[in-house]
Protein chains: 2
Amino acid sequence: MKRENNAHCKNVNCTQKGGNEVCLCPVGNVINVVSKKWALLIIATIGNNEKIRYTKIMKNLADISPKTLADRLKELENFGLIERETFDEIPPRVEYSLTQDGIELRDSMIPLMEWASKKKK
Amino acid sequence: MKRENNAHCKNVNCTQKGGNEVCLCPVGNVINVVSKKWALLIIATIGNNEKIRYTKIMKNLADISPKTLADRLKELENFGLIERETFDEIPPRVEYSLTQDGIELRDSMIPLMEWASKKKK
DNA sequence: CCGAATCCGTAAAGATACTG
DNA sequence: CAGTATCTTTACGGATTCGG
């Protein structure tokens, strides 16, 4: 059976049915960045602070390892979701903040976080 | 400085500031299930179909491996987000559907999926 | 045939110690 | 302070196999 017309997706190989569903074909890239472990929580943490330093993110996300945090910050920056500002001071200071895209992402994940929040325990 | 009152969180160790932010303290568990690779896409796929079989999920998520799908389905079932119904037929038939919690999750992630959808190239 | 389970190699995440 | 380096552990992917 050839698939029905789908308002959400122009991909001819899309196997989703038409209707009011959310088509998943175009979601791949972003989701793969965003669904890595800690990624959403990092975005949310930065979003809660406007500007925030590496050590403070570490404290807020108590169980993250420094390596994972550094890796994730680099990815999120490369992806244009966060911004990294360095200051030539001793001791060094680096501040992270959300870009416009990051803010949009943060806003769009608030319902998810609230669901998770009330779901826990 | 002791932290300010935070309407979202009763955890005394919460390091978030007060205000209109989303507190992350209670989010841990669920997020760790949900932010595993493919988890959100599986939820979304099942949510798009009410009932759906293993093989059809495989087709919809073209690049997932059978092992990863089986692993994720088990986790999501254990977590009470999806339901697994087996039929004693040959060839065997297994249908997956969202639980009430799964439906809530699905609803709460729609904005995120839509953001991802319009963000992608 | 369908829905996995198994085995195995690679990639990602965690723990800890350490440095510019 | 803001990360690296290094090592161990866990997660993921790919092919094959298998019971019903």
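Throughout, a chain's letter reflects where its sequence line sits, starting with A, and its residues are numbered from 1.
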Look at the side chain of A:Tyr54 and the backbone N and O of A:Pro66, then say whether any donor-acceptor pair between them is shorter than 3.5 Å. yes
Atom CD1 of B:Ile42 and atom P of C:dA4 are separated, to the nearest Å, by 12 Å
Taking 4.0 angstrom as the limit, do A:Arg72 and A:Glu75 come out as a salt bridge? yes
B/S/- along nucleotides 4-20 of chain D (protein heavy atoms under 4.0 Å) is B-B----SBBB----BB
Worksheet item: Hey, is the side chain of B:Arg84 poking within less than 4.0 Å of OP1 or OP2 on C:dA4, counting only N and O atoms?
Response: yes
Separation of D:dG3 atom C1' from A:Leu76 atom CG, nearest Å, is 16 Å
Can you list the steps and then say if B:Phe79 with B:Val30 is a side-chain contact (heavy atoms from CB on, under 4.5 Å)? CA-CA 9 Å; B:Phe79 216 75; B:Val30 194; 4.2 Å; yes
B:Glu85 CD to C:dC2 P, in whole Å, measures 19 Å
So do A:Leu73 and A:Trp38 actually touch side chain to side chain, heavy atoms under 4.5 Å?
no
note: A:Leu73, atom CG; D:dC1, atom C1'; distance rounded to Å ~ 14 Å
To the nearest angstrom, the CE-C1' distance between A:Met58 and C:dT16 comes to 11 Å
ask   = Would you say the side-chain atoms of B:Thr99 pair up with the backbone N or O of B:Gly80, donor to acceptor, closer than 3.5 Å?
value = yes
Are A:Arg53 and D:dC1 close enough that a side-chain N or O sits under 4.0 Å from OP1 or OP2? no
Check: With sugar-phosphate meaning primed atoms plus P, OP1 and OP2, does B:Tyr96 contact a base, only sugar-phosphate, or nothing at under 4.0 Å between heavy atoms?
Finding: sugar-phosphate
In whole angstroms, the gap separating P of C:dC2 from CD1 of B:Ile52 amounts to 14 Å
When rounded to whole Å, the NZ to P distance for the pair B:Lys59 and C:dC1 reads 12 Å
